[in-house]
Novice: 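Quick one: this structure, given as structure tokens, is what I'll be asking you about.
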Amino acid sequence: MTINPLDNPIWHALEGPHGRHALGRGLARHYPRDIAPFSAIAEARLLRPQVEPLPKGWEEIRHFTLLQMVAQRPPEEGELSAAVLSQGDAPAMMDLVAATEPGPFARRTPLLGSYLGIRDGHRLMAMAGERMRVPGHVELSAICVHPEARGKGYAAALTQELMRRAFAQGERPFLHVRPDNGPAIALYRRLGFETRRELVMMWRRPT
């Protein structure tokens, strides 16, 4: 049976393109916590809450569902005056994350890929970047706009620029979004993303 790396993206990222960041051994890997709060096991079959039992000796802390969306086509050409962000911009990026709460983002998350931003003077008002990378695919993440700058099309413009770069490199962009985040889902569909599947993310610990 052919295994699609998108069915277990954290594992395939840490076993592949992000291997230099991987901690752990055997059948489990995880990112350093100041990069990303993600861990994975090699088994591609994901346990479903209340359907399949947890492995012996483990307890579930919580779980939530995400939609995995994959871009079906590159966007049209466009012009965007965006700054390339680096690890030196981490304080400004963390301030924007605190104001917008786009999802997990840590001090060294920018090490995982390219990040673009839009500034108003010295103030970072919007950003988007690359997080997990698996063979043939790159995840777009931390797509966020400061409340004072919403309605200007910044999220769409940054996402499209990252999409263009990914397709130019022979990669297919994908992303994850909460099922109840209707405005974001509508935006991503307009940009050419389609839902591939639902993923259940689980937080567990040994008893």
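Note that the numbering runs from 1 along the sequence shown for the chain. Any value given below was found using the heavy atoms of this structure, including those in side chains, with hydrogens, waters and symmetry copies removed.
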Novice: When rounded to the nearest 0.5 angstrom, what is the spacing between OG1 in Thr109 and CZ in Arg131?
Specialist: 8.0 Å

Novice: Would you please name every residue forming a side-chain contact (heavy atoms from CB on, under 4.5 Å) with Glu194, sequence neighbours left out?
Specialist: Gln72

Novice: If I take atom CG from residue Leu140 and atom NE2 from residue His176, how far apart are they, to the nearest 0.5 angstrom?
Specialist: 11.0 Å

Novice: Please say yes or no: joined through hydrophobic side-chain contacts below 4.5 Å, possibly via intermediate residues, are Val177 and Leu191 part of one cluster?
Specialist: yes

Novice: Mind listing the closest non-hydrogen atom pair of Leu162 and Ser114 along with its distance?
Specialist: CD2-O, 4.3 Å

Novice: How long is the straight-line distance from CZ of Arg150 back to OG1 of Thr100, given to the nearest 0.5 Å?
Specialist: 7.0 Å

Novice: Would Arg133 and Glu171 pass as an ion pair if we require N to O under 4.0 Å?
Specialist: yes

Novice: Return the minimal non-hydrogen interatomic distance between Ile185 and Pro179, and the atom names on each side.
Specialist: CD1-O, 3.6 Å

Novice: Could you tell me if Arg197 and Gln68 have a donor-acceptor pair between their side chains, going purely by distance under 3.5 Å?
Specialist: no

Novice: Let me have the donor-acceptor pairs involving side chains of residues 116-129, under 3.5 Å, with sequence neighbours excluded, atom names and distances please.
Specialist:
{"residue": "Arg119", "atom": "NH2", "partner": "Asp89", "partner atom": "OD1", "Å": "2.8"}
{"residue": "Arg123", "atom": "NH1", "partner": "Glu148", "partner atom": "OE1", "Å": "3.0"}
{"residue": "Arg123", "atom": "NH2", "partner": "His146", "partner atom": "NE2", "Å": "3.4"}

Novice: I would like to know whether Arg164 and Glu76 meet side-chain contact (heavy atoms from CB on, under 4.5 Å); could you show each step before the answer?
Specialist: CA-CA 8 Å; Arg164 279 189 283 271; Glu76 297 179 358; 5.7 Å; no

Novice: Run the numbers on Arg108 and Tyr31 for side-chain contact (heavy atoms from CB on, under 4.5 Å), then give the verdict.
Specialist: CA-CA 11 Å; Arg108 293 204 300 148; Tyr31 284 99; over 6 Å; no

Novice: Given the rule in the side-chain contact (heavy atoms from CB on, under 4.5 Å) test, do His137 and Met132 qualify, once you have shown the distances and angles that lead to the verdict?
Specialist: CA-CA 9 Å; His137 296 80; Met132 285 185 284; over 6 Å; no

Novice: Please round to the nearest 0.5 Å and tell me the distance separating atom CE of Met163 and atom CZ of Arg172.
Specialist: 9.5 Å

Novice: Decide yes or no on side-chain contact (heavy atoms from CB on, under 4.5 Å) for Arg29 and His18, but give the supporting numbers first.
Specialist: CA-CA 11 Å; Arg29 298 285 187 279; His18 284 170; over 6 Å; no

Novice: If you group Ile, Leu, Val, Met, Phe, Trp and Tyr by side-chain heavy-atom gaps below 4.5 Å, do Tyr188 and Leu67 land in one group?
Specialist: yes

Novice: Could you check if a side-chain atom of Ile10 sits within less than 4.5 angstrom of a side-chain atom of His30, using non-hydrogen atoms only?
Specialist: no

Novice: Minimum heavy-atom separation for Ala42 and Asn8, please, with both atom names.
Specialist: O-ND2, 3.5 Å

Novice: Evaluate the side-chain proximity of Val138 to Arg165: yes if any heavy-atom separation is below 4.5 Å, no if none is.
Specialist: no

Novice: Minimum heavy-atom separation for Phe193 to Ala71, with atom names?
Specialist: CD2-N, 3.3 Å

Novice: Testing the basics here: between Pro110 and Arg107, what is the closest heavy-atom pair and its distance to 0.1 Å?
Specialist: CD-O, 3.5 Å

Novice: First locate atom CG of Leu199, then atom CG of Leu66, and finally report the distance between them rounded to the nearest 0.5 Å.
Specialist: 7.0 Å

Novice: Please tell me whether Leu96 and Met94 are part of a single hydrophobic cluster in this structure, the criterion being side-chain heavy atoms less than 4.5 Å apart.
Specialist: yes

Novice: Applying the 4.5 Å side-chain criterion to the ILVMFWY set and letting contacts propagate, would Leu175 and Leu158 be lumped into a single cluster?
Specialist: yes

Novice: Is Phe38 reachable from Trp11 through a run of hydrophobic residues whose side-chain heavy atoms are each under 4.5 Å from the next?
Specialist: no

Novice: Which pair of heavy atoms, one from Tyr115 and one from Ala142, lies closest together, and at what distance?
Specialist: CE2-CB, 4.0 Å

